[in-house]
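These notes concern the structure reproduced below.
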Amino acid sequence: MTQQELGYVFGVSGSTVAGWENAHDNMPLPKLVKFSNLYKYSLDYVTGLSRINNYVKLDKLDKKKIGVKLKSIRSKLGLTQKEIADECMISQTTYSNYENGLYLITSLALYTICLNHELSIDAILK
């Protein structure tokens, strides 16, 4: 598939797809999930967190449920919101909004948390 064709599927321009492919821009989490489902690759595999493709189709992203999981994980790790936010290079307020389900966490913040603490993106989003 060309960048233009993939852009059409995702409702973005070919240059946006090029930005994702060349690591100039981060792919938004809903688009990353759509990509994963389109090619039937797990998010952990696509992001390089795993060498094994354990694909499971993800449907709708529920920011409230994801927020509850993020809070649970942070508590189990014994970290404060500020500590996790600092790892992600975001404000504590922004991270709090993710945990409270006000905003969907970004793909970059989620990847950073998973990479730093050996967690699975797929497991968090299920």
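Annotation: side chain of Asp62 is not in contact with side chain of Ile66 (no heavy-atom distance under 4.5 Å). Looking at heavy atoms from C-beta onward, Val9 lies in side-chain contact with Lys34 at the 4.5 angstrom threshold. Contact check for Val17 versus Thr2: no side-chain heavy atoms found under the 4.5 Å cut-off.
Residues Tyr98 and Leu104 come closest through the heavy atom pair CE2-O, 3.6 Å.
Not one N or O on the side chain of Asn97 forms a donor-acceptor pair closer than 3.5 Å with the backbone of Leu102. For the pair Asp44 (side chain) and Ile121 (backbone), a donor-acceptor distance under 3.5 Å is present. Using a distance-only test at 3.5 Å, with no hydrogens or angles considered, a donor-acceptor pair links the side chain of Thr112 to the main chain of Leu108. With hydrogens and angles disregarded, no donor-acceptor distance shorter than 3.5 Å links the side chain of Asp122 to the backbone of Leu58. In terms of modelled atom types and a separation under 3.5 Å, the side chain of Gln92 and the main chain of Gln81 share no donor-acceptor contact.
Within a 6.0 Å radius of OH in Tyr45, no more than 12 heavy atoms belonging to other residues, nucleotides or ligands are found. Residue Lys69 places its NZ atom among more than 12 non-hydrogen atoms of other residues, nucleotides or ligands, all under 6.0 Å distant.
Every residue two or more places apart in sequence or in another chain was checked for a ring pair (Phe, Tyr, Trp, His ring centres under 6.0 Å) with Tyr55, and none qualifies.
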